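Here the structure comes first, spelled out in structure tokens, and everything after it is commentary.
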Amino acid sequence: METLLYLTCGLTAGLLGGYLGLGGGIIMVPFLTVVAGIDFKAAVPVSVTAIVVNSLSSSNEYVKKGMADMELAILLAVFMVMGNITGSNLAQVVPADFSRLLFTVLLVYTAFSFLKGRKQAEKLSFEDNRTRYFIICTILAFFTGILAGLLGIGGGVILVPMLYLIIGLPLTTARGTSALMIGFSAAASSAVYFLNDQVDFQIVAPVIAGIVVGGKIGGFLGTIAKPMVVKIIFFVVMLYLAFRLSYEPIMRLF
Amino acid sequence: MKEIMFDSKSLIRYQRYSRNLIALYFIGLTVLSVCKIWSSQAAVYWGVVGILILAFLRVFIFAQEFRKAGLYRFSLLSYLLGVVLLSTVVLRFWIL
């Protein structure tokens, strides 16, 4: 029964992640914590391990269509991986309540940003921006890495807007580059958790199986489903999970 | 002069085979576990090790393709990424 619940978690994360172009961590961690009742600190290592697999799958589609900037991906990945290692080690000492509240903020931000959508790409000055904003982006990649390692997410929700709005990459290229980078950064986090014996092997197998299948279906559904319907469902679910995730830590505060 | 670009074919092929291998392995383990035929933590443990190794080896494909394209700085950067990734293991076992 529990295995089926974990499988459903992976499937949901894969479906929504594949459709919305997310790594899945933003769905997996609250799902495992709120629905499956797993401790937040146990959900994070499972999530990052599944993200590595999801990145292999989702980035391939973007690379195939030439929608990933390889040079930028490898450049920013170095800094993001450093941040990831820092974040994953920080997670050993940061209280779970703090991480849960931080995750809630990220969930609310993601829910609203997806509902609102992003403005269409303007005239781009890609090469200029890439040189001009390189330092800002490497610093941001490092801090995104810390946050991703700490909260068990891939970091796509921060990376995609950064690559799109600051560097000026087209939205699809930003998504592709982010999907590619996430594979390296999640692998670094996963290795830290794995070496600290924090990966729950009973949970990780069905979650990975689910995310692979869900990712495939999600990618297919993305071509036929109505975006607004999915966005509204995503918005409601995210806000509900945010409420459930933050309720206990807030109650403990007062 | 013809410009040499990053050839992503080998990367695509590698990622596809890796994904299929991981999918088969973990779907198989889950089905066996759900049907209560066989369940092994050790099998999942080695599966996770496999995922990490496959993710790590991707660095070398990047390095090789960048080198072929004449982008030597990015090839070196790929190796640097490999060193940073390896540092997690080194730090855990030999320093901390």
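In what follows, chains are A, B, ... by sequence order, proteins preceding strands, each numbered from 1. Everything quoted here is computed from the prediction, not taken from an experiment.
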Please tell me if the side chains of B:Phe62 and A:Leu180 come closer than 4.5 Å, counting only heavy atoms from C-beta onward.
yes

Side chain, backbone, both or neither: which part of A:Ser185 has a non-hydrogen atom closer than 4.5 Å to chain B?
neither

If you tally heavy-atom pairs under 4.5 Å against chain B, which of A:Leu4, A:Ile85, A:Ile74 wins?
A:Ile74

Which portion of B:Leu80 sits near chain A, non-hydrogen atoms under 4.5 angstrom
side chain

So which part of B:Ser33 gets closer than 4.5 Å to some heavy atom of chain A, the side chain, the backbone, both or neither?
side chain

Rounded at 0.5 Å granularity, tell me how far CZ in B:Arg13 sits from CG in A:Asn60.
11.0 Å

Is there side-chain contact between A:Ile208 and B:Ile51, with at least one heavy-atom pair below 4.5 Å?
yes

Checking A:Leu75 against chain B: side chain, backbone, both or neither under 4.5 Å from a heavy atom?
both

Mark yes when over 12 heavy atoms from residues, nucleotides or ligands other than B:Gln41 sit less than 6.0 Å from its CD; otherwise mark no.
yes

Separation between CZ of B:Arg58 and OG of A:Ser55, rounded to the nearest 0.5 Å
4.5 Å

Should A:Met70 and B:Leu11 count as side-chain neighbours, where that means a heavy-atom distance under 4.5 Å?
yes

Whether B:Tyr45 and A:Phe201 hold their rings parallel, tilted or perpendicular, with breakpoints at 30° and 60°
perpendicular

Under 4.5 Å heavy-atom distance to chain A, tell me which part of B:Phe66 shows up: side chain, backbone, both or neither.
side chain

Check whether B:Val89 gets within reach of chain A through its side chain, its backbone, both or neither, counting any heavy atom under 4.5 Å.
both

Residue part contacting chain B, namely of A:Val52, when any heavy atom lies under 4.5 Å
side chain

Given heavy-atom pairs under 4.5 angstrom as the criterion, report whether the side chain, backbone, both or neither of A:Val213 touches chain B.
side chain

Portion of B:Val84 that has a non-hydrogen atom of chain A nearer than 4.5 angstrom
both

Enter the distance from A:Leu56:CG to B:Tyr17:OH here, rounded to the nearest 0.5 Å.
15.0 Å

Quick one, A:Phe184 and B:Leu81 - any side-chain contact, counting heavy atoms below 4.5 Å?
yes

Got B:Phe26 and A:Val53 here, is their nearest side-chain heavy-atom distance under 4.5 Å?
no

Is there side-chain contact between B:Leu77 and A:Glu71, with at least one heavy-atom pair below 4.5 Å?
no

The reported gap from CG in B:Leu85 to CE in A:Met82 (rounded to nearest 0.5 angstrom) is 10.0 Å

Heavy-atom proximity to chain A below 4.5 Å, by part of B:Leu52
side chain

List the atom of B:Thr88, the atom of A:Ala191, and the distance in Å for their closest heavy-atom pair.
OG1-CB, 4.0 Å

Need one label for A:Asn84: side chain, backbone, both or neither, based on atoms under 4.5 Å from any heavy atom in chain B.
neither

Chain A contact via B:Val59 - which portion, at a heavy-atom distance below 4.5 Å:
both

